[in-house]
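To find a chain, count down the sequence lines: A is the first, B the second, and so on, and within it residues start at 1. These numbers come from a predicted model, not from an experiment.
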Protein chains: 2
Amino acid sequence: MRKTEPRIPTIREVAKLAHVGLMTVSRVINNHPSVRPSTRKKVEAAIVQLGYRQNEAARLLKGQRAKMIGLIVPDLSDAFFASCAHTVQHIARAHGYMTLVVSSERDADLEFQQAELMASRKVSGLLIVTSTRRGDDRLRELQNTGLAIVAFDRPLPGSDADCVLVENRTGAEEATQHLISHGHKRIACVGYDEETYTIHERVLGYTHHMNAAGLKPNIALGLLTLDGIREWLAEALAGKNKPTAIFSLNHRTSIYLLQALAEQKLRIPQDMALVGFDDFDLASIITPPLTTVAQSPVELARRSMGLLLERIQKTHDGIESSPAKILLPVKLMVRASCGPHEERPD
Amino acid sequence: MRKTEPRIPTIREVAKLAHVGLMTVSRVINNHPSVRPSTRKKVEAAIVQLGYRQNEAARLLKGQRAKMIGLIVPDLSDAFFASCAHTVQHIARAHGYMTLVVSSERDADLEFQQAELMASRKVSGLLIVTSTRRGDDRLRELQNTGLAIVAFDRPLPGSDADCVLVENRTGAEEATQHLISHGHKRIACVGYDEETYTIHERVLGYTHHMNAAGLKPNIALGLLTLDGIREWLAEALAGKNKPTAIFSLNHRTSIYLLQALAEQKLRIPQDMALVGFDDFDLASIITPPLTTVAQSPVELARRSMGLLLERIQKTHDGIESSPAKILLPVKLMVRASCGPHEERPD
DNA sequence: TATCCAACGTCTAACGTTATCAAGCTCGCA
DNA sequence: TGCGAGCTTGATAACGTTAGACGTTGGATA
């Protein structure tokens, strides 16, 4: 029973069946031009008849690249990145690629290790949401060996890789403006992980817009846990310039804030208005529905894959071209957490 | 610049540096016993000095299995499976395996295609959350070629693969009992996708417990969309035996129900009590916090990987052993969505 | 019909690894 | 001292594919 190995057909058997040489079969498979149509047809028939499939290992050994693309994200259990992974995979499959997904656990070293591992497996391309903030020549070296790399969500510092980013800054400005237009003047900006590019950009957008409106920015970063948020909130409420609105820098912070606000019996939006960056499944369902700045993981992944497939083609053909940059828009999802549109007394 | 190929060292160069034959190096790498310690040391030093790493492609070509494990889930963008994937990957990495994650899009044929693709890439093991309900010999054939397979979350019909399941039935019984103990008699059971094993089991648990308590089951399945839920709810409320409590069969349904109930201005738990199968991030944060039956994706993945690694070892050593079955407990997370514990009049 | 050209097909040699087999070495015992 | 026995070690031949060198064929032209 164990010895039922059904003999996977090789190119050799195809050649025998089609009465041609090995290389003819190889050329048919690789769409080489110089094969007579009649011969091609014979070979193709033999391929179908035997159910032949190329042996990747042998191709790899000959120096070809694998029909795989690698995807590195900071955290696969994050719904946003999971959604990206799903889309990437879907598109990759449609183009005959398998996807090697790994989570870098937000660790720059692990991220590079994984990238190198993928490179050593000869993936055709690499899609990466980096966790490095400092430039890293090591990835560049991989690029120089003919690996196509596209960064998305965050740019690869000091790299000339293609990248697809989101209008983080504009989104933050819109969120801030939204709160201002509801009459708020003391708007706090809360989040963690100031090292992350996206967060950094959002803070910049907030700060810029607050200053432009003549308001004083009030930024609290590094609040990683629910406890951190609780503490900050208690402190903020005790101060004399307590905020009337909060701009939350990301999904997780929004959730913690919701909990902390509920614990303090603060009503949204009456006692505290809230806008959060990142939309999430339940944002429209909770009470009150949360106004968010939505970005589309699907679109992000879609455009990134588009760029990657192009880049793989170019790299394959030995064409060098300047890196592409795509900037995707965000959308303010106005819900109830800032209340109806009205002026509010100081 | 493009020609900077830094010559990846081969086993041959290691051999030359260590002044030994090729095979000695190969034996050192594969932990063959018959290598003199002094020789081993020499070779290991050379390996470190050159930064040698095995070439997977060549190993594969020689018929070895890849240091990869495959994971097939119905939907990678589902938080539950994303979390599983994350854990699987983490453990796999710790054991030197990369993970090939794919989503089967809940399609049995695609699922098998992906499995075969992975098999042809010679993965060492396959972890699979199946979307088939009917027996499928094809996976069995893969097993017979020496591929270790472990099913989790759902059993592989007609297969003798190891599997790790969750106490779906018991969980549903506990949820039902919880509602009954709050005095509810008219308890509806709502969800979709009756074809799915887990849902089926939960319905069984609910039905069994309702019957045992002398209550009449009220089951609504096939409600895939928010609209479907809305419609069902309106109808249920219009009937004369309108339910006072709902047992939601999964995460998504719970969310839709929350929205539909809010639209109908029904208060939870006063007008309608609710228990949902599957815990989720915001369950404890929304108002009121939702009572759920929690299962742990992390534990599920952990145990499955444990089984898989064992099975890979056994398969490698040619040991056959009867399939293992693990049943994981669930936990009723009592929150506020069923109200305080009290009897309720009919 | 002979010659040349173009188009096409085949052969050979790798790619890096491991299984098999054969040979060398050391050690203990007669 | 000599000689198996057992432990190490090394040479060789695959694994399936592709690049490149090398033949072979057919037709067109003089």
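In the set C:dT17, D:dT17, D:dT9, the nucleotide with an atom closest to the side chain of B:S34 is D:dT9. Counting only heavy atoms from C-beta on, A:M23 has its side chain closest to C:dT10 among C:dT10, D:dC15, C:dT18. Comparing atom distances between the B:R36 side chain and each of C:dG16, D:dT9, D:dG16 picks out D:dT9 as nearest. When each of C:dG9, C:dT17, D:dT17 is scored by its nearest atom to the side-chain atoms of A:V35, the top-ranked nucleotide is C:dG9. Side-chain atoms of A:Q64 lie closest to D:dA19 of the nucleotides D:dG10, D:dA19, D:dG16. You'll find that the side chain of A:T24 is closest to C:dG9, out of C:dG9, D:dG16, C:dG16.
In this structure, CG of A:N55 is placed 18 Å from P of C:dC15, rounded to the nearest angstrom. Between the NZ atom of A:K16 and the P atom of C:dT10 there is a distance of 14 Å, given to the nearest Å. Between the NE2 atom of B:H316 and the C1' atom of C:dT18 there is a distance of 13 Å, given to the nearest Å. The nearest whole Å value for the distance from the CD atom in A:Q54 to the P atom in D:dG16 is 14 Å. Taking atom CZ of B:R59 as the reference point, atom P of D:dG16 lies 17 Å away to the nearest angstrom. Taking atom NZ on A:K67 and atom P on D:dT17, their separation rounds to 16 Å, with Å as the unit.
Using a 4.5 Å cut-off on side-chain heavy atoms (C-beta onward), B:I72 and B:L127 make no contact.
Under 4.0 angstrom from either OP1 or OP2 of D:dA19 there lies no side-chain N or O belonging to A:S26.
Taking only distance into account, the side chain of A:K62 never meets the base of D:dT17 through a donor-acceptor pair shorter than 3.5 Å. Taking only distance into account, the side chain of A:R27 meets the base of C:dT10 through a donor-acceptor pair shorter than 3.5 Å.
Counted within 6.0 Å of NZ on A:K42, heavy atoms from surrounding residues, nucleotides or ligands total more than 12; the atom is thus considered enclosed. For A:K325, the NZ atom is densely surrounded, since the number of other residues' heavy atoms within 6.0 Å is greater than 12.
Between A:V20 and B:Y52, the residue whose closest nucleotide on DNA chain C is further toward the 5' end is A:V20.
Judged by distance alone, with hydrogens and angles left aside, the side-chain atoms of A:T10 form a donor-acceptor pair with the main-chain N or O of A:R12 at under 3.5 Å. Remark: side-chain polar atoms of A:D75 are not paired, donor with acceptor, to backbone N or O of A:E105 under 3.5 angstrom.
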